[in-house]
Colleague: 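My questions will all concern the structure given below.
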Amino acid sequence: MPELPEVEVVRAGLEPAVSGARVLHVDVVDDRALTRHDGPAEDFAERLTGRTIAAAVRRGKFMWFPLQPAREGDRPEALVAHLGMSGQILLGRGREAAKHRRILLEVQPAGTDRDGAPEPPVELEFVDQRTFGSMAIDEMVPTVDGAPAGSAGHVDDTDPDAAWRRSIPKQVSHIARDPLDPAFDDDRFIAMARKRSSGIKRVLLDQGVVSGIGNIYADESLWAAKLHHDRPADRLGRSELRGLLDEVRLVLGRALEDGGTSFDAQYVNVNGQSGYFSQRLSVYGQQGKPCPRCGTTIVREAFMNRSSHRCPVCQPAPRPRRR
DNA sequence: ACCACCACCTGAGTGC
DNA sequence: TGCACTCAGGTGGTGG
């Protein structure tokens, strides 16, 4: 479930189960699910087993789960997860192994039932057909701007116990904030974009400039902002970029409300359920259908070994750059 | 520093 | 049926 809304659906679904939970058992079924981990599977399992998870945090398409220190004075660490193109994290108890199960974690939730008895352990199953996703244990470093590192749900940012709040896994530190992050800096985004000569869609997809946007939401946002994907970013006005940012936020927000975009069973929440935003797509995958705004037939074009979808009238091609 | 391209994978669909 | 080919929601490293 790879773009921001889908990853946020997963993060929010995991949060109540993992916050304060203790990792009882780690089973790495396929080592390829650890490409982001610096070390062998045994190292991953050893460092994770017995640890307590503090929370579930997300920036862009990356999620991480800060771990309480194993011993006082230890460097702060987190379990990092990226879903890649086809990853899922499913929650359950004793479920049958999915075909592409890569890692299974068994955790002891922090909560108790209404009689005060501990809840039964729960399984987190990391499933990933194409193995572009992976997990890792990574050290945490302070955020450069000193603000909370990402979206963490119901967390008190002033709580001194939440020291992890202003830290980020080292391998995620180069990722820019996403447009739904309160600490996202609009002016910084606009300044960065206006230094890029490549097309605006490449800039939207550059996770070091703005994170969380992938091929679906780039196309949807550009259609909403009436911009062609090849418009050179350094030739766009500040107000055009501001307007684009507004549309990005609207699109991501609506997709989140709908539980994300699911084209097939590949993209589901932690309970295996689909999202419904695919019913509201204006251009992505809508080639041959009428533009919802002007009725012109939507076209699909090759773009970076993938596709771009647009309305030829609402989003006319830019004139080639003169020199 | 930027920029375009390629590799990393599995499976579904299409045309011959 | 089988085979070759294309395509799919992402990221990172590589050269220029």
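Labels below follow one simple rule: chain letters A, B, ... track the order of the sequence lines, proteins then strands, and each chain is numbered from 1. None of the values given here were measured: they were computed from a predicted structure.
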Colleague: So, A/His100 and A/Asp30: side-chain donor and acceptor under 3.5 Å apart, yes or no?
Modeller: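 No pair is found: no donor N or O on one side chain lies under 3.5 Å from an acceptor on the other.
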Colleague: Identify the pairs formed between an N or O of the protein and an N or O of nucleotides 12-16 of chain C at a distance under 3.5 Å, and give each distance.
Modeller:
{"unit_1": "C/dG12", "atom_1": "OP2", "unit_2": "A/His174", "atom_2": "NE2", "d": "3.1"}

Colleague: Could you tell me whether the side chain of A/Asp230 and the main chain of A/Ala317 form a donor-acceptor pair under 3.5 Å?
Modeller: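 Not at all, since once roles are kept as given, no pair shorter than 3.5 Å links the two residues.
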Colleague: Taking the six-membered ring of A/Phe303 as reference, does the NZ or CZ atom of A/Arg202 fall below 6.0 Å from its centre and within a 45° cone about the axis?
Modeller: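 Because its charged atom sits under 6.0 Å from the ring centre and within 45° of the axis, A/Arg202 does stack over A/Phe303.
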Colleague: Nearest to the side chain of A/His82 - B/dA4, B/dC6, C/dT11?
Modeller: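 Closest nucleotide to the A/His82 side chain: C/dT11.
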Colleague: Describe the nucleic acid contact of A/Asp128 in one word from base, sugar-phosphate, nothing, applying a heavy-atom distance below 4.0 Å.
Modeller: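 A/Asp128: no heavy atom of the nucleic acid under 4.0 Å.
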Colleague: Do any N or O atoms from the side chain of A/Gln315 and from the backbone of A/Cys311 form a donor-acceptor pair under 3.5 angstrom?
Modeller: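 Answer holds: yes.
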Colleague: Using heavy-atom distances to pick each residue's nearest nucleotide on DNA chain B, tell me which of A/Asp206 and A/Asn305 is more 5'.
Modeller: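 Its nucleotide being nearer the 5' end, the pick is A/Asp206.
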Colleague: Between C/dA8 atom C1' and A/Phe303 atom CZ, what is the distance in whole Å?
Modeller: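 In whole Å, C/dA8 C1' and A/Phe303 CZ are 16 Å from each other.
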Colleague: If you only use heavy atoms from C-beta on, which nucleotide in B/dT10, B/dA4, B/dC3 is closest to the side chain of A/Ser197?
Modeller: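 Ranking B/dT10, B/dA4, B/dC3 by closest atom to the A/Ser197 side chain puts B/dC3 first.
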Colleague: So what's B/dT10 paired with, Watson-Crick or G-U wobble, going by both distances under 3.5 Å?
Modeller: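 B/dT10 is paired, partner C/dA8.
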Colleague: Distance check needed: C/dC7 C1' versus A/Met85 CE, whole Å only.
Modeller: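 Between C1' of C/dC7 and CE of A/Met85: 9 Å.
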Colleague: Does A/Phe132 stack onto the base of B/dC8, taking stacking as ring centres under 5.5 Å apart and planes under 30° apart?
Modeller: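 Yes, aromatic ring over the base.
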Colleague: Between A/Asp145 and A/Arg166, is there a side-chain N and carboxylate O pair less than 4.0 Å apart?
Modeller: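 No, no charged N to carboxylate O under 4.0 Å.
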